[in-house]
Amino acid sequence: MSTHGSLAHIGVVGLAVMGSNIARNLAHHGHRVAVFNRSHGKTEALIADHGHEGEFLPAQTIDEFVASLERPRRALIMVQAGAATDAVIEQLADRMDDGDIIIDGGNSLYTDTIRREKAMAARGLHFVGAGISGGEEGALNGPAIMPGGPAESYKHVGPLLESIAAVVDGTPCCTHIGPDGAGHFVKMVHNGIEYADMQVIGEAYHLLRYAAGMEPDAIARVFKKWNTGDLNSYLVEITAEVLAQKDAATGKPLVDVIVDAAGQKGTGRWTVKAALDLGIPVTGIGEAVFARALSGDLAQRRATVGNLPAGTLPGEVINSDKDRFIEDVRRALYASKLVAYAQGFDEIKAGSEEYGWNVDPRDLATIWRGGCIIRATFLNRITEAYDSDPGLASLLLDPYFNGEMTELVDSWRRVVVTATRMGLPIPVFASSLSYYDGLRAERLPACLIQGQRDYFGAHTYRRTDKDGSFHTLWNDDRREVEA
Ligand code: 6PG
C-alpha cells in the first residue's frame, strides 16, 4: 500500500536487490519507507511487485525523497561502494538540515567512512557507516547490522535498525560498534573471515574429492552431518546444498560445470591490506584472498597446468580408513577456521586501538550469531571466551578453544602432510597450521633475520641476556658494540 500525506520514518536510496529487500524488511516491520532510485523503473517495479507489503512512499526525484522524510531525516544509502556512494551523499547532504542522518549500508571502505563522517559532521549532519551482512535473503528477513558513527546518532537509528535485524536468543544482531569507520571496519573483517571460511570449506571438499575419491553427493552428506556438530554454520549448510545440486542441462553435479575461478569484489583484499598496515598476521584470510586470485588467473593456469613437475605422487586415492581421513579433514577444517576467527579478532582489536574505537569483541561474537554470512554456533563460545577474559592475547588461548585445539591438532597435521604428499593445494589449512606453530614456538628464526639485518644494514639487534641495542662490526674485527 502506498500512503501519501504522512511522512516516512526512513528512506532508502538505491533499489537494487539489497536496497529493495531492506526497504521491504523495514516496511514489514511497520515502518513507513520512502524509496528512491536513480532510474525510476526500479522504484516502480518495487511498488508494483511489493507495494502491498507495507507503507512505501515512492519518490521520483531526490528532492521529493528528502521532502518525504520525517525529522530528523533518516536516509539509508544502498548503492555501490565508492564514487556512487559519494555522489548520493552529496545529493542528500545538499538537501538536508542540521541533525539529519545519512546511513551508508554498503560495503564501503572504512577509511572512506571516516572521511565522509568528518565531512558530514562539518555540515551539521550525522553519518553512520553501517556494515550489513546476510546477502539478499538476510536483507529481506533479518541481516546482521554493524553500525558505526556517533553514539548520538545511534539513538535515532539504532531501534529502527534493530527492529529489522536477525534475532538470536531474543537479542537483535545489531549494535553500535563504535565511532566513525568502526562499523565498516568490522564488516570488512567479517568479510575477510568469510573468505577464509569459504576457502577452508573448499579445501576440505577438494581433499574429500581428490584425496579420498568421493563424489559430490557423498561429500554433500558429509557436510550435512558436519553441520549438526561443532561446525554448525550457514556456510557449511549451504555447502551441502550446493554439492547436492545437479545441473539440469547435463545431469552432472552442478559443482562440476561451474568454472573454478573465484571472483571477488574487494572486501577480502581490503582486510589484508589493512592488516598489513596494522602489522597483524591474518595469514588465513590472506591465503584465501590469494587462492581466489590464483584460481582467477585463467591465462596463467592454462600455461601452467600439466607443465609443472609434481614430483612423485602416490597415484591412488585413500582407500583404507576413509572414515578416519574424513574425520581428520573435519578437524583440520575446524582448526583452520578457529585460526581465521582468532586472526580476524586480532585485526579488529588492532584497528580499534589504532583508531580509538573501543570495539567490544563480545558485541561482534554476539551479533554475528545470526543474519550474517559467517553465522555459526561456535560464536557463542567466542562471546563466552571474551566474557571471561576481555584481554585475551589470542582467542586460541581461551580454555575452551585451547581444549578444542588439543583434540584437533594431530588430525590437522596429518591432513596437511597427506595433502602435501598427494600434491593437493591447501593454502589455508597449511598456512594456518604454520601460524599456529609460530605462535607456539619458543624460538623463531627472527633471531637470524635480525643478524642478517644487522650485517647488511647495521640495523642493530637486542640481546636475550641484557637490555640495549647492539651492533656487530661485521666488516671490521666483528666486535660487538652498543648502538
Ligand atoms: C555479506 C557478504 C556480502 C558479499 C560480499 C562478498 O556479508 O552479506 O559478505 O557483503 O557477499 O560483497 O563478496 P565477494 O566474494 O564478491 O568479495
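Note: hydrogens, waters and symmetry copies are ignored here, and every other heavy atom, side chains too, is used. Whatever order the structure lists them in is the order used to number ligands and atoms, beginning at 1. We're numbering straight along the sequence, starting at 1.
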Looking only at protein heavy atoms, identify the closest one to [atom] and say how far it is in Å.
{"atom": "atom 17 (O) of ligand 1", "result": "Tyr195 OH, 2.5 Å"}
{"atom": "atom 7 (O) of ligand 1", "result": "Ser133 OG, 2.4 Å"}
{"atom": "atom 5 (C) of ligand 1", "result": "Asn191 ND2, 3.4 Å"}
{"atom": "atom 12 (O) of ligand 1", "result": "Asn107 ND2, 3.2 Å"}

Self-check item: Within-shell test, Gly134 vs ligand 1, heavy atom, strictly < 4.0 Å
Solution: yes
Quiz item: Does Cys372 come within less than 4.0 Å of ligand 1, judged by its heavy atoms?
Solution: no
Quiz item: Is the cationic atom of Arg362 (NZ for Lys, CZ for Arg) positioned less than 6.0 Å from the six-membered ring centroid of Tyr386 and within 45 degrees of its normal?
Solution: no
Quiz item: Are Arg116 and Phe127 in a cation-pi contact, defined as NZ or CZ under 6.0 Å from the six-membered ring centre and within 45° of the axis?
Solution: no
Quiz prompt | Result of checking Arg209, Lys224, Lys246 against Asp217 for salt bridge (Lys or Arg N to Asp or Glu O under 4.0 Å) | solution = Lys246
Exercise. Give a yes or no on whether the backbone of Phe429 and the side-chain of Ser432 come within a donor-acceptor separation of less than 3.5 Å.
Key: no
Quiz item: Is the side chain of Gln199 donor-acceptor paired with the backbone N or O of Val428 at a distance under 3.5 Å, no angle test?
Solution: no
Quiz item: Hey, does Gly135 come in under 3.5 Å of ligand 1, counting only N/O atoms on both sides?
Solution: yes
Practice problem: Could you tell me whether the side chain of Arg73 reaches within less than 4.5 Å of the side chain of Phe65, counting heavy atoms only? | Solution: no
Self-check item: Beyond-backbone contact of Ile164 with Ile145, side-chain heavy atoms, under 4.5 angstrom
Solution: yes
Quiz item: Counting each atom of ligand 1 from 1 as listed, which ones have a heavy atom of Ile373 under 4.0 Å away?
Solution: 1 (C), 2 (C), 7 (O), 8 (O)
Exercise. Mark up the atoms of ligand 1 that fall under 4.0 Å of a heavy atom belonging to Gln264, in ascending order.
Key: 16 (O), 17 (O)
Practice problem: Counting heavy atoms only, name the option from Glu194, His190, Met188 that's nearest to atom 9 (O) of ligand 1. | Solution: Glu194
Practice problem: Could you check which of Glu136, Arg292, Lys265 puts a non-hydrogen atom nearest to atom 13 (O) of ligand 1? | Solution: Lys265
Quiz item: Is it true that the side chains of Ser411 and Glu327 contain a donor and an acceptor less than 3.5 Å apart?
Solution: no
